[in-house]
Amino acid sequence: MRLVLLGAPGSGKGTQAAKLVQRFGLRHVSTGDIFRKAISDRSSLGCEAKRYLDEGLLVPDSIVLGMIGSILDELFSTRGFILDGFPRTVAQAEQLDHVLANQKQPLDAVVDLKVADEVLFKRLLARKRGDDTEETIRVRLKTFREQTEPLRHYYALRNRLKAVEGARSVEEVFESIVEHLS
Ligand code: B4P
């Protein structure tokens, strides 16, 4: 199974990805986790990414696209994968399509976790991660609307989008995703 998890910051992509990995034995790639590890390792990627994460902005496509190619290539030998937080822009989605087409391994589904902004705000503030200040959250939600939300249309046109109401308990959201996938 090859999945993308789409959704605003705090919609529960990481939370649901962990459960999907357990249930289906898929490989999990979170670009957010990759950037946070690079920052804690003080690598050159981390130094570049840090200022964007700190400000609530997306890391530029030039950096993401340079980094993701080799990671995607490794995934095709596995029994399936979840991309959590990638793609986040149309340019990233186009690159992913290109790689998937070369491998003749299309996506099975793009799970779109829908959660209202007030709920996202509360969840992110409660999470208390370094990039979860009030001001940063405001920027991240605006960035999502402007740069990532167009992917809903992109994947709907390709008949891949599965919308899931994400403002329910973790277990209810998970069962609803599993239902969409079966
Ligand atoms: P990410 O790591 O992808 O994080 P996120 O979108 O903030 O959170 P997620 O949706 O995974 O929410 P979570 O499960 O944690 O991105 C971080 C940053 O990295 C981005 O802002 C960007 O700068 C950069 N980045 C990443 N990928 C990029 C890309 N491809 N291109 C450019 N830049 C990129 O859940 C949030 C909280 O809610 C948790 O505390 C959780 O416990 C709680 N929660 C989850 N589900 C719940 C539920 N059903 N009920 C109640 N609480 C719930």
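When a residue number appears, it is its place in the shown sequence, counting from 1. Heavy-atom basis, side chains included; hydrogens, waters and symmetry copies ignored. Each ligand, and each atom within it, is numbered from 1 in the order the structure gives.
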Handout entry: Pairs touching residues 86-135 that satisfy ring pair (Phe, Tyr, Trp, His ring centres under 6.0 Å), sequence neighbours left out
Key =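 Found none.
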Exercise for the section: Assess the side chains of D97 and Y154: does a donor N or O sit below 3.5 Å from an acceptor N or O? Expected result: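 Their side chains do contain a donor-acceptor pair, which is all the 3.5 Å distance test asks for.
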Problem - Residues D33, R36: salt bridge by 4.0 Å N-O rule - result: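 The answer is yes: the pair qualifies as a salt bridge.
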Problem - Qualifying side chain to side chain donor-acceptor pair (under 3.5 Å) pairs, either residue in residues 56-68, two or more places apart - result: D61-T89, D61-Q92
Problem - Expected output: side-chain T143 to main-chain L57 donor-acceptor under 3.5 Å - result: no
Problem - Residue list, ring-ring contact (aromatic ring centres under 6.0 Å, His included) with F76, at least two apart or on another chain - result: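 With neighbours one apart ignored, the set is F81.
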Problem - Under 4.0 Å from ligand 1 - residues by heavy atom, chain and number - result: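 For ligand 1, the contacting residues are A8, P9, G10, S11, G12, K13, G14, T15, T31, G32, F35, R36, L53, L57, L58, V59, V64, G85, F86, R88, Q92, R123, R127, R129, R140, G166, R168, S169, V170.
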